[in-house]
Undergrad: 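I have a structure here, written as structure tokens, and I will follow up with some questions on it.
Just so we're on the same page: letters track the sequence lines, and every chain starts at 1.
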Amino acid sequence: MPKITFVDSEGRARTVEAEIGSTVMEAAIRDSIPEILAECGGACACATCHVYVDDAWIGKTGKATPMEEDMLDFAFDVRPTSRLCCQIKVSADLDGLVVRTPGKQG
Amino acid sequence: MTDIIATDVVIVGAGPAGLFAVFELGLLDIKAHLIDILPRAGGQCSELYPEKPIYDIPGFPIVTGQGLVDNLMKQIEPFHPTFHFGEMVEAVETLGTPERPAFRVKTDAGKVFECKAVLVAAGGGSFQPKKPPIAGIDKFEGTSVHYAVRRMEDFRDRNVMIVGGGDSALDWTLNLHPFAKRITLVHRRDDFRGAPHSVNAMRELVASGKMDLMIGQVAALAGEGADLTAATVKLNDGATRDVAIERLMPFFGLTMKLGPIADWGLNLHENLVPVDTEKFETSTPGVFAVGDINTYPGKLKLILSGFHEVALAAQRVHRYVYPDKKLTFQYTTSSTNLQKKLGVN
Ligand SMILES: Cc1cc2nc3c(=O)[nH]c(=O)nc-3n(C[C@H](O)[C@H](O)[C@H](O)COP(=O)(O)OP(=O)(O)OC[C@H]3O[C@@H](n4cnc5c(N)ncnc54)[C@H](O)[C@@H]3O)c2cc1C
Ligand code: FES
């Protein structure tokens, strides 16, 4: 299974396994990653699953869709690498993905 | 003194559970008032996912969040519930005895209700504005930082900064423009979700030099005591700007917070209200909890669970409202008595 690393706002890294076809958010919630709230359960309706994709990976995860961009308006400290991780589908290509979580989700 | 509104039941929260409770109570001749902090009915369904499809409402293969709410509103119309929107229930005080409970319910708008039972249908808590994590913002809240406009006068001849890209940010930009000294709108990107005509109106004001638009994010605030004097905006091109302002209005949407429910003397378990599964009553006789706010073994946070819970809770509420009347079980399909109440017979 692909591995995903979440680095929290204090720099602590946690690596979890993610099922192909699930979302990065689901992998985070299953392993109780702190700083990911996912209040809406992945419906792209809450912006509390905000992450910063590591620069090296932005080409592989792709960019936010217009709907996701609209939702990102509700997140804080949005950067060019910002994504809502419920909208990132896990594929074999994403094995090793690194994302950072913001200090405050909402 | 404020007039006391007397009614059978006060329902806290007008989400799907609170709305359907009006129906189940209404069939038993029980009158209800509903109070919600939001300006409209529907709770999470209308606030978080009005256009998204729901597939697990029995009898509706597919219905949108708003579609479901519209149908519920139609279904409860015969019972003429009274809605009190834009008000937060702050206090629930127990009067009466456990056998004959009575309650006094107070809202932040100063309304006072007296009732025989309270249905807490508060979902994930009351919807409240998200507060941006800008250092020191707390000390300006209520004086210089506002999440809603209560009095337009507070903004007259002030330098106002509005943050956000949706309808709230745009509407207040346009509404406050004639009052304020100068308006600066700050948004993280040069794309706005708001209604196109509002976006156009805002762009015209910017083009004619009547207001400022900055594409970036607020990084810091400065002021004296509780009075804001300036905001530092980090522009997307990397530059930073200090803007002299006296008022800041951030619009980052809403989040659910348990809120005052914690102070009502109810037992709580991880921000949820434990209930029994026969009547969905809390540790306080006469106070019920239904929908997402309650917890019991096997609880599922589904709309259909809330519907089931309000039907059972209504049976017990009947005992408190009509202690001397016996309840007989009836179907809406065949009972002329129920059909009369529904206005179909
Ligand atoms: C994106 C998303 C998708 C979902 N999809 C489904 C689905 O497919 N199927 C399904 O069954 N469920 C779904 N749900 C869950 C469903 O929406 C909830 O179970 C349901 O809304 C709960 O209803 P409720 O009436 O208990 O509470 P809510 O809908 O949360 O409403 C509670 C209301 O109470 C108000 N309130 C709280 N405290 C106070 C107070 N002190 N004073 C005044 N007002 C107060 C709040 O403002 C709110 O409006 C989904 C939820 C989300 C977020
Ligand atoms: S979980 Fe709500 S937007 Fe991703």
Undergrad: Quick check on B:K234: does its NZ atom have over 12 non-hydrogen neighbours (other residues, nucleotides or ligands) under 6.0 Å away?
TA: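 No, not enclosed.
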Undergrad: Pick from A:E69, A:E39, A:K104: which one has the most heavy-atom pairs with chain B under 4.5 Å?
TA: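 Ranked by heavy-atom pairs under 4.5 Å with chain B, first place is A:E69.
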Undergrad: Do you know the tightest heavy-atom contact between A:C44 and B:K52?
TA: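 Between these two residues, the closest heavy atoms are O-NZ, 3.8 Å.
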Undergrad: Roughly how far apart are B:L48 CG and A:C40 SG, rounded to 0.5 Å?
TA: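 So the CG of B:L48 and the SG of A:C40 are separated by 7.5 Å.
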Undergrad: Table please: side-chain donor-acceptor pairs of residues 53-71 of chain B below 3.5 Å, with sequence neighbours left out.
TA:
from, atom 1, to, atom 2, distance (Å)
B:T64, OG1, B:G67, N, 2.9
B:Q66, NE2, B:D70, OD1, 2.9

Undergrad: Please list, chain by chain and in numerical order, all residues satisfying salt bridge (Lys or Arg N to Asp or Glu O under 4.0 Å) with A:K89, sequence neighbours excluded.
TA: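 Salt bridge (Lys or Arg N to Asp or Glu O under 4.0 Å) check on A:K89 returns nothing, list empty.
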Undergrad: Got a second to check how far A:F74's CZ is from B:L254's CG, nearest 0.5 Å?
TA: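 These two atoms lie 8.0 Å from each other.
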Undergrad: Are there residues of residues 184-195 of chain B that reach to under 4.5 Å of chain A by heavy atoms, and which ones?
TA: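 Within residues 184-195 of chain B, the residues under 4.5 Å from chain A are B:H187, B:R188, B:R189, B:R193.
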Undergrad: Quick check on the structure: residues of residues 121-135 of chain B within a heavy-atom distance below 4.5 Å of chain A, by number.
TA: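 At a heavy-atom separation under 4.5 Å, chain A is reached by B:K130, B:K131, B:P132, B:P133.
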